[in-house]
Amino acid sequence: MNPSDPKLKSFVPVTRDSHFPIQNLPYGVFTTPANFTPRVGVAIGELVLDLSVLEQAGLLEPVPGERVFNRPTLNAFMERGPEVWRRARETISELLRAENARLRDDAALRGRAFTSQAAAKMLLPISIPGYTDFYSSKEHATNVGSMFRDPAHALLPNWLYVPIAYNGRASSVVVSGTHVLRPNGQKKKPDAAQPVFGPSERLDFELETAFVVGVGNALGEPVSVDRASSHVFGMVLLNDWSARDLQQWEYIPLGPFNSKTFATSISPWVVTMDALEPFRVEGPAQHPPPLPYLATTGPQAYDIHLEAALAIPGKRATTIARTNFRHLYWSIAQQLAHHTASGCNTRVGDLMASGTISGPTPDSCGSLLEITKNGRTPLAIGGVERSFLEDDDELILTGWAQAKDYRVGFGEVRGKIVAARSHA
Ligand code: MN
């Protein structure tokens, strides 16, 4: 049976609003208090299934004769390609099914293989050689262009032809829960004669997703738009923290640098493209038609509901944005084809972010820059105003694809802001 079949049930209890039913099976890397060795697991209900234990027991062997799950990252597994991914997913799904006694009735094995997610410490699941951030939401690009340039010409003429992106910083990608240090940097008030160096006063989040390259391509050998899906392993939630005051001063002519390099947070569970396949939908119509190397047929978007919530000290977390991945103008296949069209190589673990995903309505903006109109219309949360993020504020992104009776979810990516280092 197809591992995405809606009829499948696991012997592990899964509630209707859980992000991790048997149809999902996202991969992560974890340790436990009893075993500090990082290894690969999948999330099921409120548990983690330790795949290194299944490998050792001889129940799971997607790569014949070799172990790939007793590793500190997913890279060794991902680089084996789509056939290995599918074989692993099918075997794990079979072992978790309600009617399969093999794992269900082996109490000793179950005791070694399952850990509660509450007890597991999740680590950065991927070794990330390169991080690219696209700018593929037409609504976001229009909102930002209207604020910083001219509302009548908000979208630059290249935007409808080029999936715009910049090369980000891979070394500072961190897993959910890692504190985010407020960056110091250069900022210049519009009426000031000179810039000053100091803590960012306009610290923002960006609600994004990212796809993870499983199989890279060689230098000089572009990935065609039709072949892109065989290179993409899965997706995570991504918060592209942004210091707007630093960004505004530094970004011309080469784009963001210190305003983005201080941290990028991702969710710990990588949801596979196979698990997302049932949620494929048509993306926005593309006019003018993309150039031939970016031309695709069939639905290219995914229906993934996305939310951002802000928790300020002493208050409950408040949802401040609701949007959907399906609004993205440029698809994953187009992004990867464009990235490699020049002959640029990609490597296993490369992370390629969507760009801020804003929707068509005011409550679907994926950054405080847009929500508060660059600070002019602050949010009011429990009587407290917020234009940008303050120290000790926590930002939480979540997202899921909704089926009739279950959700294929991403869990969360959280990050709390801590005070800047003294620069005196
Ligand atoms: Mn971004």
Side-chain angles (χ1 to χ4, degrees), residues 128 130-149 154-156 158-159 162-174 176 178 180 183 185 200 202-212 235-252 254-267 304 306-308 310 320-321 323-325 327-332 334-336 338-339 350-359 364-372 374 388-389 395-397 399 410 413-415 417:
I128 303 170
Y131 161 48
T132 304
D133 194 18
F134 281 86
Y135 192 57
S136 291
S137 159
K138 191 176 178 184
E139 290 81 3
H140 173 70
T142 304
N143 291 342
V144 172
S146 303
M147 263 184 284
F148 290 130
R149 286 183 299 269
L155 220 50
L156 290 171
N158 60 1
W159 199 94
V162 182
I164 299 285
Y166 67 95
N167 283 302
R169 185 72 197 166
S171 64
S172 54
V173 177
V174 296
S176 176
T178 308
V180 173
S200 169
R202 293 181 168 242
L203 187 51
D204 199 356
F205 73 97
E206 290 188 344
L207 190 173
E208 306 195 16
T209 61
F211 70 86
V212 181
M235 286 174 64
V236 292
L237 301 170
L238 182 142
N239 184 345
D240 178 27
W241 305 97
S242 300
R244 299 302 180 192
D245 39 2
L246 278 52
Q247 186 177 358
Q248 242 179 307
W249 172 233
E250 74 178 0
Y251 89 106
I252 294 171
L254 286 185
F257 191 59
N258 280 341
S259 58
K260 304 269 194 177
T261 54
F262 56 96
T264 304
S265 300
I266 63 169
S267 52
I304 304 169
L306 298 164
E307 294 187 352
L310 175 59
I320 58 172
T323 181
N324 196 298
F325 181 83
H327 298 312
L328 274 189
Y329 188 85
W330 296 108
S331 69
I332 288 174
Q334 289 171 324
Q335 289 171 338
L336 187 60
H338 180 68
H339 203 308
D350 275 350
L351 190 66
M352 304 205 175
S354 57
T356 308
I357 304 175
S358 294
S364 60
C365 290
S367 66
L368 285 170
L369 177 72
E370 293 160 88
I371 294 169
T372 71
N374 200 13
F388 290 95
L389 299 169
L395 201 290
I396 305 126
L397 304 182
F410 288 79
V413 53
R414 292 175 167 264
I417 308 301

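Not measured: the values here are computed from a predicted model. Note that ligands are numbered from 1 as they come in the structure, with each ligand's atoms numbered from 1 the same way.
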By ring pair (Phe, Tyr, Trp, His ring centres under 6.0 Å), Phe262 pairs with (sequence neighbours left out) none
Residues passing the ring pair (Phe, Tyr, Trp, His ring centres under 6.0 Å) test with His140, sequence neighbours excluded, are Tyr135
Are side-chain heavy atoms of Thr132 and Gln335 found at a separation under 4.5 Å?
no
Find out whether His338 and Val162 are in side-chain contact, i.e. whether some heavy atom of one side chain is under 4.5 Å from a heavy atom of the other.
yes
Set of residues satisfying side-chain hydrogen bond (donor to acceptor under 3.5 Å, both in side chains) with respect to Ser364, sequence neighbours excluded:
Thr361
I'd like to verify the contacts: list protein N, O or S atoms under a distance of 2.8 Å from the Mn ion (ligand 1).
Asp133 OD2, Glu206 OE1, Glu208 OE2, Asp240 OD2
Side-chain donor-acceptor contact under 3.5 Å, Ser242 with Asp204:
no
